[in-house]
Amino acid sequence: MSEDVHLSQICMDFGSFRAVNNVEVTIKSGEFFSFLGPSGCGKTTILRLISGFMDPTGGAVKIGGKDMKGIRPNARPTALIFQNLALFPLMPVWENITFGLEVRGVAKEVRRAKAEELLQLVDLHDSADKKISQLSGGQKQRVAIARALAVEPKVMLLDEPLSALDLKLRQHMRAELRAIQKRTGVTFIYITHDQGEALAMSDRVGVMSQGVLQQVATPQEIYNNPVNEFVASFVGENNVIGGKVKSVTGGIASFETAKGTFSAKLGPNVAVGDVSKLFVRPEFCSLGSSTDAKENSIPVEVTEIAFEGNFVNVFVRDGSGDTHMVQVQNDPATPPPALHTTCHMAFNPSSCMILSEAVNGRSGH
Amino acid sequence: MQELIRRYGIGLSVVMAAMTAFWLFALVVIPNLVLFKFSFRVYLPVDQLGGPNDVYTLKNYLTFFTSPIHINVFFTTILYSSLVTGICLMITYPLAYVLAKVLKPTDTATFFLILLIPLWVSEILRSFAWFIILSNQGPLNALLMGIGLIDKPIRWISGYQSVIIGLVYAYILFMLFPIYNAISALDTNQIEASEDLGASMWRTHWRVVIPHSKPGIASGCVMVFMLCAGSVIVPSTLASTSSRWFTEIIQQWMFEGLDWNVGSAYAFLLLALCIVFVSLVMRLLNVRLVDIAK
């Protein structure tokens, strides 16, 4: 039904430009895996390497343990959903969906029946004979998914297929995609620059930057324990404080900064004496009066309050003029401090991290 | 029209519309109407003009239908024009695909320059160049014998083959450009999607690329066919002893026979049949005139 995908030390060079550098990851059979990164990080290149539009210049793409080198896309057990969907505008919906069966010589009546069945699966009824131009964005999306599912791929590849949709529909399609993946059990490899999408849908996420896979982990792990500055700042918001690691005891470091000394978890590749940065999420910060000031607290003044509905973003300025953000739940019983009041911003040592810079796969190549 | 006035003002718009109208009416419609009238009049000595013999008649058209040789040349012209159109399509479709989708854009520009440079030379000179290339002691035979492909020279300028070669060369770019434009407009993702879904290269062309480029193909075919059927220079320069082109007969009526009346009738017969033929092809390919004009 589905297969695992093993990217074994793959590299991809375009002339002197290294788009993908030594990516090593195994995507498990039946897993929903996302590659997350900014544009130009090499994630689309990885997708094209798996689908077979190009072969890596180093390493190997293995699907179900089999090296795919030299095998064209039409002979790989993968199906790709393009960013712009690439539906065939001159064919009606049902021919679009069963195009993959048509080229395999399946009889017309069988194809027609299969198209109806897949249209049911993606919740699109009575659209078999419509033209592609008659469909809405979300409906086109479903046709593209049905077309890819029709060839019964072992691995489904999705290249930011939701980016053209509006917010409401995008959120709806997220859930839909996830449900279809669970129902069919096919391995999904999803490419996106949208962290919300990646975190909400995936079993595991691979964060990419500069051609290098920076971290592969569950969404919770990526968000709560990023391995470096890039992962921390690309996924979610942070308050950042620069300083120097003074000492470490039991994984908790003492971090010396211009704003005082803080205790924080020590991230990978940081050692005592390193000049580094401390990252803390806005929702892990709290604001309190100066009397209950404890460990890891900075005296601040409230400069701006942004009401977002279910939560409130409170912007505060510390003594050295840096602005931080504190996110608190919207609760009329405990309102945030008023504008221009002074208070203390505090955070728990176990919810902040000292992180190193990201690995750059392109410098020095 | 309102858009034109808004953008250029009333004065310039009138000038542009007037120039277009002048071109259309004074240079195209009126001369054709004059010839159309000619085609129904009798060829008479000057002193009989306006006399009792100067009447409207269908005799000029009947001249054609009563001369089997002319009918034969007429259909031969249509047949070989279709053949040239077919050959041009066979050559240009793969070329257009490579130019539009395979080559890098910078290379495409170079290729187009190479393709266009010969167009700077006049059609007469180019036809004559082919006359030299194809002649018995010419470079083509010398080359083929030099590489040992043939033992004795091939008589290229015989039957219609030299005319066909010349016409293919003269009009092939009129086929290339519309097809190139049509294929360029095709989203490359569609080609890749087809391949990703398991289609072979042939199947992708048959189901995705060709249906998409059909208006371009039809446009190129119509253009090449019309130009071939109406060509005078190429068929007369590269003519062999046994090749006759219908335009040559029209020319003979008009300039050797000095009978503009029969000549006009023949010209309109050619025009009429070309229109019928083109409409048939369009019906066959299921394309509309607006698609072609794009």
Side-chain angles (χ1 to χ4, degrees), chain A residues 14-15 44 47-54 68 71-92 95-106 111 118 132 140 143-161 164, chain B residues 93-94 96-98 100-108 178-221 282-292 294:
Chain A
F14 296 104
T44 298
L47 204 69
R48 295 179 70 81
L49 289 170
I50 301 172
S51 58
F53 289 108
M54 43 197 189
M68 287 287 129
I71 299 177
R72 294 293 304 166
N74 54 12
R76 292 194 184 193
T78 58
L80 173 60
I81 297 183
F82 289 79
Q83 187 165 8
N84 67 355
L85 307 181
L87 297 173
F88 306 124
L90 301 175
M91 298 179 202
E95 280 186 28
N96 258 282
I97 291 175
T98 55
F99 183 80
L101 304 176
E102 181 192 321
V103 303
R104 286 167 175 78
V106 176
R111 280 189 279 133
L118 283 162
I132 296 299
K140 284 182 191 163
V143 173
I145 294 166
R147 185 177 72 173
L149 286 172
V151 297
E152 290 174 4
K154 304 278 199 299
V155 179
M156 185 90 118
L157 306 164
L158 303 97
D159 186 6
E160 309 207 24
Chain B
Y93 178 80
Y97 181 78
V98 169
K101 291 295 170 201
V102 181
L103 286 184
K104 279 182 268 165
T106 46
D107 296 338
T108 308
I179 300 182
Y180 168 79
N181 281 337
I183 297 180
S184 294
L186 175 66
D187 176 13
T188 307
N189 281 353
Q190 296 215 351
I191 299 169
E192 292 188 341
S194 170
E195 191 183 357
D196 188 61
L197 289 167
S200 63
M201 190 186 76
W202 298 112
R203 181 69 81 141
T204 300
H205 278 280
W206 183 244
R207 286 290 273 148
V208 179
V209 188
I210 292 178
H212 177 89
S213 47
K214 219 163 58 175
I217 291 172
S219 169
C221 286
M282 277 164 53
R283 176 66 60 84
L284 214 69
L285 284 174
N286 196 18
V287 287
R288 292 163 306 150
L289 202 59
V290 276
D291 296 329
I292 292 178
K294 263 187 243 170

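Residue numbering restarts at 1 for every chain, and letters A, B, ... go by the order of the sequence lines.
Top candidate by heavy-atom pairs under 4.5 Å with chain B, chosen from A:Gly52, A:Ala150, A:Pro73, is A:Pro73.
Taken from CZ in B:Arg207 to CE in A:Met91, the straight-line distance is 4.0 Å, to the nearest 0.5 Å. Between atom CZ of residue A:Arg72 and atom CE of residue B:Met201 there is a gap of 11.0 Å, rounded to the nearest 0.5 Å. B:Leu197 CG to A:Ile97 CD1: the interatomic distance, rounded to the nearest 0.5 Å, is 11.5 Å.
In terms of modelled atom types and a separation under 3.5 Å, the side chain of B:Glu192 and the main chain of A:Phe53 share no donor-acceptor contact.
For A:Leu87, the part lying under 4.5 angstrom from a heavy atom of chain B is the backbone only. At a 4.5 Å heavy-atom cutoff, the contact between A:Leu90 and chain B is made by side-chain atoms alone. Neither the backbone nor the side chain of B:Thr204 comes within contact range of chain A; no heavy atom of the residue lies under 4.5 Å from a heavy atom of that chain. Only the side chain of A:Phe82 comes within contact range of chain B, with at least one heavy atom under 4.5 Å from a heavy atom of that chain. Interface residue B:Asp196: backbone and side-chain heavy atoms are both found under 4.5 Å from chain A. With a threshold of 4.5 angstrom between heavy atoms, A:Gln83 does not approach chain B through any atom at all.
The heavy-atom pair separating B:Ser200 from A:Asn74 by the smallest distance is CA-ND2, 4.0 Å. A pairwise comparison of heavy atoms in B:Ala199 and A:Val103 identifies CB-CG1, 3.6 Å as the closest pair.
Under the 4.0 Å criterion applied to side-chain N and carboxylate O atoms, B:Glu195 and A:Arg76 are not assigned as salt-bridge partners.
Looking at B:Pro211 and A:Phe88, their side chains never come closer than 4.5 Å, going by heavy atoms from C-beta outward.
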